[in-house]
Each structure stands twice: as C-alpha cells, then as structure tokens.
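My structure is below; once you've seen it, I'll send some questions.
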Amino acid sequence: MSAPTPPVRERLLALTGDELPAYLYDLDALRAHAAAVRAALPRGVELYYAAKANPEPALLAALSPAVDGYEVASGGELAHVAAAVPGRPLAFGGPGKTPAELTAALEGVAAGAPLPRFHVESVHELRVLAALAARLPAGVRVPVLTRFNLVPGPGALAGGSLTMGGGPGPFGIDPAEADAVLRALGDGTFPRLEWYGTHAHLASGLEAPALAAVADGVVRWSAALAARHRVPLREVNVGGGMAVDYARPAARFDWTGYGAALAALLAARPGLTLRVEPGRALTAYCGWYGTEVLDVKHSHGEEFAVVRGGTHHLRTPATKGHDQPCAVVSVDGWPHPWPRPFARGPRTTLVGQLCTPKDVLARGARTPGLRAGDRVAFALAGAYAWNISHHEFLMHPRPGFHFLDSAVR
Ligand SMILES: *Cc1c(COP(=O)(O)O)cnc(C)c1O
C-alpha cells in the first residue's frame with residue numbers, strides 16, 4: 001500500500017541514521033505514472049504540471065516527456081522552471097502578479113522563447129499587462145486566458161479539500177464582469193492582448209466525476225461567453241485539483257474516466273483545446289520521507305515513537321489534518337550498548353522532534369513490534385511536502401535529498 005518501491009527501500013536501509021531523515025524520490029515511478037496519466041487523456045487535452053506542488057528540478061525534468069508544459073504561479077517559479085526545463089511552454093497564473101514579474105514573463109520574447117499563456121486574475125491585471133505589452137516589438141501579441149471565479153452549480157465543489165472558487169474569494173474575475181472584460185478585449189482597449197479563452201481552477205481534491213462535471217460547466221459557460229461576443233473560444237484551462245486520497249494511499253484518481261469525459265466535451269466543440277494543470281496528483285506518489293525511530297515510549301496507555309525530523313520537513317499531515325500513510329522498514333541490528341526501546345502494542349503515534357504537540361506525522365499507525373532503530377517511510381510525500389514546510393523552526397538539520405533514477409545508476 002504505502003510501502004516504498006524497491007529502490008526507495010534499498011536506499012532507506014543503506015543510509016546511516018545520521019543521514020536521515022531524507023526525501024527519497026523514485027523518478028522511474030514518476031515517469032511511469034505521468035506517462036499513464038498522459039495516455040489516459042485524449043488528443044486535444046494538454047497536460048501541464050503545476051510547479052508549486054513540487055518544483056524540484058529533477059522532478060520537472062522527469063515529467064518533461066509526459067507533459068505539454070508547466071504552470072507557474074510566481075516570478076520565482078517562472079525563472080526556476082524556465083531554467084530547469086528550458087524552452088518548454090509555460091502558463092503564468094496566480095493572484096497579485098507584480099509589474100516586475102509580468103515584465104520578466106514578457107521578456108521571454110527577446111530570447112526567442114514562446115510567451116507564456118497569461119492567466120489574468122483581475123481587470124487591474126489586464127490593464128497592467130496591456131501597458132507593459134505596449135513595449136513589446138511590433139506585431140507581438142500576448143496570449144491571455146481570463147480566469148473566472150465561476151459557480152459550477154449547487155454543491156458541485158462540496159467534495160473538495162480546498163475551494164478557490166464558486167463563492168466570494170480573491171481568485172479570478174467575478175463572472176458578472178465577464179461581458180465588460182470581453183468587450184474591452186475586443187474593442188481595442190488592450191490592443192496587444194489576444195484572448196485565447198478562459199481559465200478556472202475552482203477546487204482541489206475532487207474525484208473524476210465531480211471534476212468532469214465542473215469542466216463541463218466551465219466549458220459551456222465559456223462557449224456561451226465567446227458566442228455572445230462573436231470571438232472564437234480556442235482554449236479552456238479547467239485547472240488542477242485531482243484528488244489524492246491520503247487515507248487510501250493505493251487509490252488513484254480515475255484519469256481514464258476523466259479523460260473520457262473530456263473527450264466527450266471536445267467532440268462537441270471542434271477546434272477547442274482543453275488544458276489541465278494538476279500538481280498533487282502527478283507528483284505526490286513518487287516521494288517518500290524516510291526516517292529512523294529514535295525512541296519509543298509509553299504514555300498514559302498509549303505508545304509514541306519519536307522519529308528523526310518531523311513536520312518541519314513534512315508539514316502535509318499537520319496542514320491537512322490527516323495521518324501521513326507510512327510503512328515500517330525493520331532493521332534487525334542494534335549497535336548500541338544501551339537497551340533498545342520497543343512498542344508492546346500494535347499501534348504507535350509517530351511524532352517528530354519538535355517541542356510542540358502539533359508535531360504529529362501519523363496517529364495510531366499500525367506498527368506492531370516497532371523498535372528504536374527501525375526505519376519508517378512516509379508515503380505520498382512527493383507534493384506539498386518539503387516545499388510547504390517550516391524548515392527553520394528548532395534548527396534541526398535539513399533532510400537529505402535522493403533522486404533515484406535507473407537511467408543514471
Ligand atoms: C494549486 C493550483 C493548481 C494545482 O492544484 P493541485 O491540487 O495540486 O492539482 C493548479 N492550478 C492553479 C491555478 C492552482 O492554484
């Protein structure tokens with residue numbers, strides 16, 4: 001289930017205690033998973049990777065054969081991704097883009113790189129982008145997808161773990177402003193901006209049927225908008241947010257079902273390109289946070305295992321309020337002269353080294369016979385893990401990083 005792949009397990013056992021904790025990424029597993037996702041999506045659907053889920057350059061490069069491009073959400077990500085996978089198509093999203101960030105994104109023209117798709121979040125941002133675009137060489141037009149905060153229907157986002165749309169919020173343009181925006185884009189107010197279509201990323205954590213229904217609503221709404229303004233709808237980016245179920249680590253988002261639903265949407269609209277931009281559901285499964293049990297203790301009827309590291313490296317369980325799935329990798333030798341602490345019962349709560357009761361990685365995990373010196377591999381640690389964590393808190397050492405790749409071993 002959450003057991004590490006053979007290369008991850010092997011490396012976890014080969015590292016010394018002092019070389020732990022460590023992030024262990026199985027790049028072969030990532031390549032295989034991304035290729036399967038790509039294969040499940042029909043022609044006419046482009047797959048972008050949302051870099052904020054995990055921007056490690058080795059992951060960005062391993063994904064490259066399977067993806068059509070990358071979604072970046074800051075000037076930092078833009079520069080980082082452009083350097084890690086040079087020349088690949090980009091989409092530049094995110095609220096509060098600064099003039100300097102927009103300028104950096106537009107400067108790609110000079111270098112001959114294609115301009116990113118700009119996911120414009122507000123009317124103000126359209127004005128700033130248009131003013132900056134006026135400095136581009138003559139004839140260059142800036143591809144724009146306007147992000148709208150759509151209401152996909154009552155309860156449509158209810159199953160999500162995070163909602164970014166469908167109600168009051170800072171993301172995207174209110175649909176009540178859509179006609180005015182389209183009029184302005186068509187009447188020469190923003191002469192260098194070229195409208196390609198719409199973008200909507202409304203929720204994260206939805207399963208395929210719910211996400212397909214949202215995509216259907218977004219495409220219908222966008223097509224009606226374009227028709228009212230007599231402009232072609234060339235592209236609709238229906239966002240990311242494909243569910244990752246931390247309670248069922250072997251489950252996978254139904255990419256085949258989702259792909260079939262998108263194919264049906266496209267069949268009715270020749271010439272339209274759909275784009276999806278998952279983050280979590282692409283990289284979560286390829287990463288493990290591997291560590292060593294330092295101590296096992298009994299406290300008021302429960303058992304606790306303290307591991308090297310903690311939620312300052314793997315904040316995901318603390319921030320999402322779940323138990324991180326994990327597997328014990330037993331180590332038989334005990335090199336120390338002092339006795340080896342061990343668990344008497346079948347379950348322990350796995351905690352880190354931080355002096356806060358919030359530093360819990362997994363409550364009541366099944367760990368029969370767990371002993372100090374055993375290794376634990378926390379699964380689904382490839383996305384929103386290290387890069388969202390508060391590394392500096394308590395000044396413990398940083399984890400190691402291992403990118404396991406059969407092509408370079
Ligand atoms: C975060 C984000 C994504 C990726 O979301 P996941 O839940 O990781 O798939 C895609 N698009 C936008 C605009 C985002 O903000």
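In listed order, ligands and their atoms are each counted from 1. The model shown is predicted, which means the values in this text are computed figures rather than measured ones. Keep in mind that the numbers below use all heavy atoms, side chains included, and drop hydrogens, waters and symmetry copies.
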Pair His313, Tyr289: side-chain N/O donor-acceptor within cut-off below 3.5 Å:
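Yes, side-chain donor-acceptor contact under 3.5 Å.
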For Gly279, atoms of ligand 1 separated by under 4.0 Å from a heavy atom
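So the answer, numbered in order with elements, is 4 (C), 6 (P), 8 (O), 9 (O).
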Phe401 and Tyr23 aromatic ring geometry - parallel, tilted or perpendicular at 30°/60° bounds:
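Parallel, since the angle between the ring planes stays under 30°.
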Quick check: Ala281 and ligand 1, any N/O pair under 3.5 Å apart?
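So ligand 1 has no N or O lying under 3.5 Å from an N or O of Ala281.
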Answer yes or no: does atom CZ of Arg127 have more than 12 heavy-atom neighbours from other residues, nucleotides or ligands under 6.0 Å?
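Counting neighbours around CZ of Arg127, 12 or fewer heavy atoms of other residues, nucleotides or ligands fall under 6.0 Å, so no.
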Under a heavy-atom criterion of less than 4.0 Å, does Phe171 contact ligand 1?
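Not so, Phe171 does not reach ligand 1.
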Evaluate the ring planes of His119 and His199, with Trp represented by its six-membered ring, and classify them as parallel (under 30°), tilted (30 to 60°) or perpendicular (over 60°).
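Rings of His119 and His199: parallel, under 30°.
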Sub-4.0 Å atoms of ligand 1 with respect to non-hydrogen atoms of Ala50
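By the 4.0 Å cutoff, the relevant atoms are 3 (C), 4 (C), 10 (C).
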Have a look at Lys52, His119, Glu277 and point out the one with the heavy atom closest to atom 11 (N) of ligand 1.
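Among Lys52, His119, Glu277, the closest heavy atom to atom 11 (N) of ligand 1 comes from Glu277.
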Which ligand 1 atoms, with their elements, are less than 4.0 angstrom from a heavy-atom of Tyr384?
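Answer, ordered by atom number: 1 (C), 4 (C), 5 (O), 6 (P), 8 (O).
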By number and element, which atoms of ligand 1 are closer than 4.0 Å to a non-hydrogen atom of Pro278?
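So the atoms of ligand 1 that pass are 9 (O).
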Residue among Asn237, Thr146, Thr198 satisfying side-chain hydrogen bond (donor to acceptor under 3.5 Å, both in side chains) with Ser222
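When Asn237, Thr146, Thr198 are each tested with Ser222, the side-chain hydrogen bond (donor to acceptor under 3.5 Å, both in side chains) holds only for Thr198.
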Identify whether NZ of Lys or CZ of Arg in Lys320 sits under 6.0 Å from the centre of the six-membered ring of Tyr246 and within 45° of that ring's axis.
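Pair Lys320/Tyr246 does not count as cation-pi.
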Ring-plane angle category for His396 and His312, please: parallel below 30°, perpendicular beyond 60°, tilted otherwise.
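Ring orientation of His396 relative to His312: tilted.
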Provide the number and element of each atom of ligand 1 under 4.0 Å from a heavy atom of Gly240.
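Under 4.0 Å from Gly240, ligand 1 has these atoms: 9 (O), 10 (C).
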For the 3.5 Å polar cut-off, considering only N or O atoms, please tell me whether Arg280 and ligand 1 meet it.
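Yes.
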At what distance, to the nearest 0.5 angstrom, does CZ of Arg220 lie from CG of Leu225?
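Going from the CZ atom of Arg220 to the CG atom of Leu225 covers 15.5 Å.
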Assess Ala73 for proximity to ligand 1: is some non-hydrogen atom of it under 4.0 Å away?
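It does not; every heavy atom stays at 4.0 Å or beyond.
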Ligand 1 atoms in contact with Ser204 (distance to a heavy atom under 4.0 Å)
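Listed by number with element, the hits are 5 (O), 6 (P), 7 (O).
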Please identify which atoms of ligand 1 are closer than 4.0 Å to at least one heavy atom of Gly241.
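Counting atoms of ligand 1 from 1, those under 4.0 Å from Gly241 are 5 (O), 6 (P), 7 (O), 9 (O).
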